[in-house]
Amino acid sequence: MTSGTELLPAPRGGTGTDGRRFGALRLFGGKAKGSEEAAKRVQFSSPYLPYLFLAPQLAIIFVFFYWPSIQAIQSSFYLEDPFGFGSTFVGMTNYTDVLKSGEYLGIARFTAIFTTLVTFFALSIGLLLAVKADGVIRGNTTYKMLLIWVYAIAPPVAGLIGMMFFDQHIGPIVELAGWFGWDIKVGLNYFDTAFSMIVVSVWKQIPYNFIFFLSGLQGIPVAVREAAAIDCRSGFRRFWTVILPLLAPTAFFLLIINVTYALFDTFGVIDVMVKDKAANNPITLVYKVYMDGFRGNDLGGSSAQSVILMLIVFVLTIFQFRFIERRVHYN
Amino acid sequence: MYRTKFFDHVILLIGVFIMVAPVVVAFMTSTHEAADIHRNGLSLTWGGHFVETYETVLTRKGGFTGKITGLNMMMNSMILGLGFALGKIILSMLAAYAIVYFRFRLATFFFWIIFTTLLLPLEVRILPSYEVMNTLKLTNTYTGLIVPLLASATGTFYFRQFFKSVPDELLEAARIDGAGPFKFFIDVLVPLSRTMMAAIFIIMFVYGWNQYLWPTLMTTDEGFFTLVRGIKQILLVWVGSNIPDYNEAFALAILAMLPPVLIVVIFQRWFIKGLTESDK
């Protein structure tokens, strides 16, 4: 069996909604490959030019990445006076407070459920559409275009449109659900709000998954498909036993991207849909960081939450790294 | 065979309907009058008030302080999108050039310094970032809006991969012809990277234009609001009113999605290329 990683473009390239996950994957993927990643045979050498070229990027990274990141870690150990009269070192208190708080754990639970559902539905719908679009010949390009452009819509804009469709007076989805005896009350009912947030978040993410699955499918050589078609007549079984394993690297790459999307990029959707009335509404962990830091002025608590989120992202990245490494080795 | 294809098309058409219909409905509804929408709900037909609504949205001074128009917000979004995309390309091309084409002692160290940024998205460090911006007095400035978003290695990564795929022979040949680092960069590497730059430009423009959280934190002065950032304000204004201006909200949503959507549709090929096979 040829290496899936080599066949498919997605895990080797591609980007998160902003592209940030892409790099980590490529970075570690590349590292695992070892010496073939070696530098150019010929290089310039100059005592100052490389530093000059790196300077702008480094300056920005130091000021806007390392400085705030270190400050987040530092202030997570301090209790800030709300009126700005200094701060006291409190050790792990901020962390224990956060982790003991029932509210925080409730939000964490919701975030987990939300992330799972958004990831599952966005991935499966994206895959279904990609498989179908890959199968049809007529209208292939048209379908592709019509299915991907929603990618360009910003999450809060998607949230606004979603609000209208779930509006109490004019929303067609509310009306539709009404026929089945379900009285949707977004903003008032916890479950209904969560439902609408998930629907909008999935809708927004489908095009991204579609693009990657489609390009993954089109990267599978015709010879492999033909061989599979001869060996196995059932299209459904062929998909499960041949196509899907070949798509696994793409799927895994997308899994991480989608988890990151659901954790972080859905902020806009949530912010528009709960409209500052977070009290009885479902929110995610990132939204909680924002609420505590900017509305509640709880600098220490918010920083501790930031650090917890950093750890989650770290674990995700390492998970991703391990997986890629293993694939490369076993191939 | 025929049956399968038929069902394939049915599924695809349902998919297209789900993806496209909400936006079409949003656009059609935006051409109706607010009272009409309030009475009859969302609409799939042309309402005939396109010009009035969009003119109002673009030119009427709105917001809480009443000093910003839709057009201003559009300009701000444009500045953010273009500034971010250009900044990203310039910074990351230079950095990638240094990393790939130069031999220097701290290369590996700087490589890791830059690529660590991929591990932590802006969302997890919003509060300290905001504090830093406050210290530097950069809130409510375009610099504060654009520059901190540039603090990530994505672009650098794309260009690093790309430069590595450029044949070594080119540099050897250029050096034999007497080209120095600047000449090689401008006369060989930049022209070679054109497609790559276009693809990254599209992705980054869309990303910059669609920013929400960071502009929300950085701009309290409505003069700096972008369209996407203004969305929530619109919703907040409505909460109190009897007949919300659904039409204007939809019109703003359409305007906010128009430029990125157009770019993705028009440059679809480059966009997909940039997204999925950035190392070719």
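These figures come from a predicted structure and were not determined experimentally. Here is the naming used below: chain letters follow the sequence lines, and residue numbers restart at 1 for every chain.
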Original post:
Relative to the ring of F110(B), is the ring of Y51(A) parallel (under 30°), tilted (30 to 60°) or perpendicular (over 60°)?
Top reply: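 Judged by the thresholds at 30° and 60°, the geometry between Y51(A) and F110(B) is perpendicular.
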
Original post:
What is the ring orientation for Y151(A) with F271(B), classed by angle as parallel under 30°, tilted 30 to 60°, or perpendicular over 60°?
Top reply: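 Correct class here is tilted.
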
Quick check on [X] against chain B: is it the side chain, the backbone, both or neither that has a heavy atom closer than 4.5 Å?
X       : value
L146(A) : both
V131(A) : neither
S75(A)  : neither
V272(A) : both
F62(A)  : side chain
L128(A) : side chain

**OP:** Could you tell me which residues in residues 15-25 of chain B have at least one non-hydrogen atom under 4.5 Å from a non-hydrogen atom of chain A, sorted by residue number?
**Re:** G15(B), V16(B), I18(B), M19(B), V20(B), P22(B), V23(B), V25(B)

Original post:
Just how far is it from atom CE of M164(A) to atom CZ of F250(B), taken to the nearest 0.5 Å?
Top reply: 4.0 Å

Original post:
Above 12 or not: heavy atoms from other molecules or residues under 6.0 Å from CZ of R269(B)?
Top reply: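 Atom CZ in R269(B) is not packed in, count stays at 12 or less.
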
Subject >> Charged tip of K132(A) within 45° of F7(B) ring normal and under 6.0 Å >> reply: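 Judged by the rule, K132(A) and F7(B) form no cation-pi pair.
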
Original post:
Any side-chain donor-acceptor pair under 3.5 Å between H9(B) and Y143(A)?
Top reply: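 Yes, Y143(A) and H9(B) have a side-chain donor paired with an acceptor closer than 3.5 Å.
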
**OP:** Consider only side-chain N and O atoms of Q57(A) and T156(B), and report whether a donor and an acceptor are under 3.5 Å apart.
**Re:** yes

